[in-house]
Amino acid sequence: MARDYTDIEAKWQARWSAAGINVASRDERPKFMIIFAYPGVTGYLHVGHLRGYTYADAIGRYKRILGYNVMFPVGTHATGNGAISLAKRIKRKDQDIIRYMKDNGCTDEQLRGLNDPMSVVDFFNNIYVNDYWKRFGFLADWRRFTCTLYPDYGMFIKWQFRKLMEAGLLIQKPYYAPFCSNCGPVAIDASETDISKGGNAETQEYTLLKFDFGEMKLVAATLRPETVYGQVCFWINPDTEYVKITHNGEIWVVSKPAADKLAMQFDDIQAFGTVRGRDLIGWTCKAPIVGRIIPILPAKFCDPEVGTGMVTSVPSDSPDDWINLKYIKDHPNDYAKYGLDGKTIASINPISIIKIEGYGDMPAKDAVESLGITSPDDPRLEEAKKQVYKDGFHAGRMRETCGPYAGMRVDEAKDKIKQAMIDSGEAEIFHDLSEEVVCRCGETVHIKRVDDQWFIDYGNRELTKKTSEHCRDMEIYPPEYHANVHGVLDWFRERACVRQGNWLGTRFPFDDKWIIEAISDSTLYPAYYIVSVYANNGNIKPENMTEKFFDYVMLGRGDAKEVAAEAGISVSLLCNIREDVKYWYPLDINLGGKEHMTVHFPVFLFNHMAVLPEDMQPKGIIVNWYITGKKSKISKSKGGAQPIPGAVEAFGVDAMRLYYSHVASMFVDVEWNEEMVVSYRQRLDRIFSFAEDMMQMSGDMSDIDRWLCSRFNAHVTGIRGSMERYDLRQLATTAYYEMFNDLKWYVRRGGSDKATINDALRVWIQSMMPITPHMAEELWEMAGFEGFVSDSLYPESKGIDSSAEYGEDLIRSTISDVAQIRKVASIDATKIYIYTAAAWNRKIYSIAADILESGNGLTIPGLTKESMADPEIRNNGKAASELAKKVATEMVRESPAKLHLYSDSDEHAVLSEASRFMSEEIGIPVIVLSADDDMKYDPKGKSSAAVPGRPAIYLE
RNA sequence: GCGGGGGUAGCCAAGCUGGCCAACGGCAUAGGACUUAAGAUCCUAGACCUUAGGGUUUCAUGGGUUCGAAUCCCAUCCCCCGCACCA
């Protein structure tokens, strides 16, 4: 039973390749261009990644048999520092990485070659193409393969940026970037590519509040500038040594780490002295905005590493402040050593500033008390703080103590108060990370102000509007994303598009010190696949790819002769490429994982709109969800996931492709489950054997042949309809279950006609080809069909034979009714009598059909009256009026054609024909009689219950 | 918080432009066929009740719209994801 799928796969992959059916060249057919969002080259992929890629191939294959000229190109994205850090780690023989590489099949010899980033990229490019995509039977046009680090690709990116500049979408402004003093800019993300600690850190915006203290200013950093009206004291860590710095003509006092951080964000910071925390305590300072003179108190919780190491105190709304102030008030004697007298301490009283539903005057107090916090060291203070902040920010209103802001919503007041203080010189803005971030080199990462950072202006109103409008006409799946993408586009603002430091990528064309970052160089690239084939075969070199060259081939700008001369290529080549672009673009489908919904897809759309004309805008997006591991996403960096070569070996490519396609819709995460894959593989085994058996049959035509043809025509219509929506799961259900079941029923019913079987097999194999192409080719060949099924043409439906289907349904439902009666009545029958309905019954259906056709509407009185006009019907009196009533109520929404099936079908002939079959199925002799037969055997008078579609049954 | 998605029978998972739905399909389960046996395969059953093909109650919970709702509306509870220089 077990087949060698590996051999079958290899055989057909080789034949496809030899025949070049994967190659996409311009011709007269309509085109279809599909890509999947290329993966970043960051290591080995696992079985989950192949899900989306497989969908792209299956869709491409389906379009191919519909007669489209399909282009399915692939590439990889290697921009960034992934390859750099991988190469570094291999070079320094990092044990984790060596083990990871070896576990995935990398040999020692290969490892030795992987000590520079480009070797790493080439190594993985090779694996992706050969071990993954080709191994999965993809009909991709391999000649078009490209990678973001190829020089020719870089020329295209430079051109893209020149066009963005031309469109006024490149802007420069200051930017606050995570920065390592050794390595330059670093990326902070959960996968921790650049850093060794702090992947979840966020950049936070602090407001620096300046408190007059003699000629100096004590500077506190706060995330809640709206609470300044509640300031009643000032916290300083007595054990910290603070530094004095000058900035903008002012003298500031901040912690030493804060001074260093400030120096990265302000140009003029000069440190010139120190001041001990304990020396400041007991004095007073003047709070901004309120002008209140407040005492300086000691607080150990002031961390010199956070903010400025000084904190303004708003006990009404800050649980920390509340509990600390309470502690001091309760233990005034402990503070005498700081020169604080009890009277001063006692005079400090919180000021109520924010009204929140469900809280009293002092939200901080309520939060602290409801959690039962009594000590300043309680770790639950963090929770209390979050709760108060959250409730206050979203549900709070400023009280009358807040001057001009009284009555305002807190979220609104926050920005206004902050801005007012900045305008009056009482505050400035400072950026800091929410937790410690450490660079891979060991240095702590801080936020640095970059003045001349380049951004792509995705906030541009006109661009957003045009892009958003275009999306309405696109095919975007799932539909939820089609609805939601507008929101995502609106939400986009400027986005930093270049960076410096440890980075592989294309140099920014307007300033060489910048390198284009990883999102920005992977948005317009589908168009480049049209050109890459000419770069790959050597017809055109990177130096030929001038701005005018791309202007001509992408935008049709300029004069062919002049452009060709300038670029140094022939006019015919130039025009040929231009024709290719006109033929292939726009892209029909860009398929990618759900992680792309908020970043890649929007910028993909924006860049197309910004650079290319109306008729080259993308037509479709499909988003696929993940295959996950137990409990968590199987991550390529974590290892341990099922490696692809092993899985392919164990299950076979087709079984995996069927698994991806059928186990769930595209739009839901699925937990990887080997048993499922095995069960799909078994289904393929069964289909294989069954199809082989069918090929051996050579019987005669019978009624069941009409039925099978009709069913398969319905399936063809169904598949065509589902695939309009790219619904591969429905395709799989039809091809691997419904069609299979129908064929089994056909055989069970004695079907064996060679011609019918041939037709059915042809369509069946074609229907399976998009998902299990290798098996399909094998069967196609065994059945003796010409050429490749991958290269065949899918038929149109030849129509439905509803009377054949009606007859077959009648037989099935009769068998099922018999079974049910036997079960419920627990009768041990020895013979079964089936009575078909009397002719007058059918007449009523016929009359009902006429009424429906006339458009008068089917009603009980209407049908009864017309029926009773017929003497034969009237003779049956009550039974007739009952049936008329039943028909009128049940069939009121049916089509006349359906009613005619009831009235015109010769049920007696159908069931008599099938009586032997039914006897075999049921296991007891079945005798078919007609209610019209006066001489029939009918001891219990059951026959009168027979109606069309439902013969009477008597068990004896 | 903002934005988005979801809760379906033992498990996974379709359906969700309202009626063809007791609800596709798979896995697991039970009965039968085949077999010396096991396995594989095939058929049948599958919420509950029912001695004639019938009935009753289901699609997170509670309301509502409708002749009719898993499907539409409202409220509640619970789960998941994205929030930027990260592809």
Side-chain angles (χ1 to χ4, degrees), chain A residues 1-2 37-42 77-80 82 148 175 177-178 185-194 199 202-203 389-391 393-395 411 453 455-456 458 478-481 483-485 487-488 490-499 517-520 522 592-600 602-603 625-626 633 659 662-665 667-671 673 675-676 678-680 682-683 685-686 689-690 727 729-730 732-734 736-738 744 748 813-814 816-827 829 893-894 921 923 940 942 945 950-955:
Chain A
M1 178 59 74
Y38 51 23
V41 181
T42 48
H77 182 269
T79 306
T148 56
Y175 174 66
V186 295
I188 296 181
D189 67 301
S191 60
E192 303 193 336
T193 332
D194 287 7
E202 291 172 42
T203 304
Y389 280 20
K390 202 170 94 175
D391 292 343
F393 184 71
H394 297 286
D411 55 351
Q453 173 72 45
F455 293 80
I456 299 178
Y458 294 121
E480 291 79 12
Y481 188 53
N484 180 233
V485 70
V488 179
D490 284 344
W491 160 85
F492 252 87
R493 306 193 299 267
E494 304 90 6
R495 189 181 175 93
C497 61
V498 294
R499 51 172 295 150
E517 62 81 43
I519 299 289
S520 304
S522 53
K594 65 178 179 180
E595 76 274 21
H596 292 117
M597 288 197 286
T598 50
V599 181
H600 171 256
V603 296
W625 265 236
Y626 300 141
K633 184 176 154 186
Y659 166 77
H662 188 260
V663 72
S665 84
F667 318 122
V668 57
D669 286 333
V670 172
E671 206 171 87
N673 183 341
E675 284 155 39
M676 287 283 189
V678 169
S679 113
Y680 281 111
Q682 284 168 355
R683 177 152 289 264
D685 287 339
R686 271 176 255 163
S689 314
F690 181 80
D727 188 345
R729 185 176 193 268
Q730 187 54 52
T733 299
T734 305
Y736 300 89
Y737 296 92
E738 294 172 0
K744 282 192 283 191
R748 215 164 131 195
S813 66
T814 303
S816 145
D817 281 351
V818 169
Q820 195 172 350
I821 294 169
R822 285 174 87 190
K823 185 183 153 207
V824 171
S826 38
I827 291 171
R893 282 181 201 81
E894 292 294 351
E921 287 288 314
K940 289 272 169 70
K942 292 279 179 192
R950 182 158 235 213
I953 295 165
Y954 171 56
L955 306 194

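Everything numeric here is computed off the predicted structure, so don't read it as measured data. Just so it is clear: chains get the letters A, B, ... in the order the sequence lines come, proteins before strands, and each one is counted from 1. The basis for the numbers below is simple: all heavy atoms, side chains too, and nothing from hydrogens, waters or symmetry mates.
- With sequence neighbours excluded, no residue forms a ring pair (Phe, Tyr, Trp, His ring centres under 6.0 Å) with A:Y481.
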Stepwise ring pair (Phe, Tyr, Trp, His ring centres under 6.0 Å) test for A:Y736 and A:H662: CA-CA 9 Å; A:Y736 300 89; A:H662 188 260; 7.9 Å; no
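- Counting only heavy atoms from C-beta on, A:A664 has its side chain closest to B:rA14 among B:rC43, B:rA14, B:rG82.
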Dot-bracket notation for RNA chain B, counting Watson-Crick and G-U pairs under 3.5 Å, with | for partners on another strand: ((((((((.[[[..)...(.....]]].(((((.......))))).(((....)))...[[[[[..)....]]]]])))))))....
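- Scanning all heavy atoms of the two residues, the minimum distance from A:N673 to A:Y659 falls at N-OH, 3.4 Å.
- A gap of 34 Å separates the C1' atoms of B:rA70 and B:rG32, to the nearest Å.
- In A:K744, the NZ atom is crowded: over 12 heavy atoms of neighbouring residues, nucleotides or ligands sit closer than 6.0 Å.
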Where protein sits on nucleotides 24-29 of chain B, one letter per nucleotide: B base, S sugar-phosphate only, - none, heavy atoms under 4.0 Å: BBSS--
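- Within the nucleic acid shown, A:A518 comes within 4.0 Å of sugar-phosphate atoms alone, with no base atom in reach, counting heavy atoms only.
- Comparing B:rU17 with B:rC85, their C1' atoms sit 40 Å apart, to the nearest whole Å.
- Residues forming a salt bridge (charged side-chain N to carboxylate O under 4.0 Å, His left out) with A:R950 (at least two apart in sequence, or on another chain): A:D817.
- For the pair A:R822 CZ and B:rG31 P, the computed distance is 19 Å after rounding to whole Å.
- Regarding A:H596, its NE2 atom lies at a distance of 15 Å from the C1' atom of B:rC81, rounded to whole Å.
- Contacts of A:R748 with the nucleic acid, taken as non-hydrogen atoms under 4.0 Å apart, involve only primed sugar atoms and P, OP1 or OP2.
- In this structure, the side chain of A:T148 engages the main chain of A:T79 through a donor-acceptor pair within 3.5 Å.
- A donor-acceptor contact shorter than 3.5 Å links the side chain of A:Q453 to the backbone of A:V498.
- Between A:E595 atom CD and B:rC80 atom C1' there is a gap of 16 Å when expressed in whole angstrom units.
- Separation of the P atoms belonging to B:rC73 and B:rG5 is 12 Å when rounded to the nearest angstrom.
- Using a 4.0 Å heavy-atom distance criterion, A:V670 is classed as making no nucleic acid contact.
- At the phosphate of B:rG4, neither OP1 nor OP2 sits under 4.0 Å from any side-chain N or O atom of A:K594.
- What separates CG of A:D669 from P of B:rA13 is a distance of 9 Å, to the nearest Å.
- Annotation: of the two residues near RNA chain B, A:E480 and A:C497, the 5′-most nearest-nucleotide partner is A:E480.
- Counting to the nearest Å, the C1' atom of B:rC16 and the CG atom of A:D727 are 14 Å from each other.
- Note: CG (A:N673) to P (B:rA13) measures 11 Å, nearest angstrom.
- Spacing between B:rG15 and B:rG25 at atom P, rounded to whole Å, works out to 14 Å.
- Considering only heavy atoms from C-beta on, A:W625 comes within 4.5 Å of A:P478 through its side chain.
- Rounded to whole Å, the P atom of B:rU44 lies 33 Å from the corresponding atom of B:rU61.
- Separating the P atom of B:rU65 from that of B:rA47 is a span of 32 Å, rounded to the nearest Å.
- Looking at heavy atoms from C-beta onward, A:R822 lies out of side-chain contact with A:I953 at the 4.5 angstrom threshold.
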With the criterion being N/O to N/O and under 3.5 Å, what pairs connect the protein with nucleotides 50-54 of chain B, and how long is each?
| unit_1 | atom_1 | unit_2 | atom_2 | d |
| --- | --- | --- | --- | --- |
| B:rU51 | O4' | A:V824 | O | 3.3 |
| B:rA52 | N6 | A:L955 | O | 3.3 |
| B:rA52 | N1 | A:L955 | N | 3.1 |
| B:rG53 | O2' | A:D817 | OD1 | 3.3 |
| B:rG53 | O2' | A:Q820 | OE1 | 3.3 |
| B:rG53 | O2' | A:R950 | NH2 | 3.4 |
| B:rG53 | N1 | A:P951 | O | 3.1 |
| B:rG53 | N2 | A:D817 | OD2 | 2.5 |
| B:rG53 | N2 | A:P951 | O | 3.4 |
| B:rG53 | N3 | A:D817 | OD2 | 3.1 |
| B:rG54 | OP1 | A:R950 | NH1 | 2.9 |
| B:rG54 | OP1 | A:R950 | NH2 | 2.8 |

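- If you measure from atom NE2 of A:H600 to atom P of B:rA87, you get 12 Å, rounded to the nearest angstrom.
- As a whole-Å value, the separation of A:W625 CH2 from B:rA13 P is 14 Å.
- For the pair A:F667 and A:R495, nearest-nucleotide mapping onto RNA chain B gives the more 5' position to A:F667.
- In this structure, the salt bridge (charged side-chain N to carboxylate O under 4.0 Å, His left out) partners of A:E921, at least two apart in sequence or on a different chain, are A:R748.
- A:E595 places a side-chain heavy atom less than 4.5 Å from the side chain of A:Y626.
- When the P atom is compared between B:rA52 and B:rG31, the two are found 26 Å apart, to the nearest whole Å.
- Distance check on atom C1': B:rC27 versus B:rA13 gives 11 Å, rounded to whole Å.
- Residues A:A496 and A:E517 approach most closely at O-CG, 3.7 Å, considering heavy atoms.
- The aromatic rings of A:Y38 and A:H77 sit tilted, their planes meeting at an angle between 30° and 60°.
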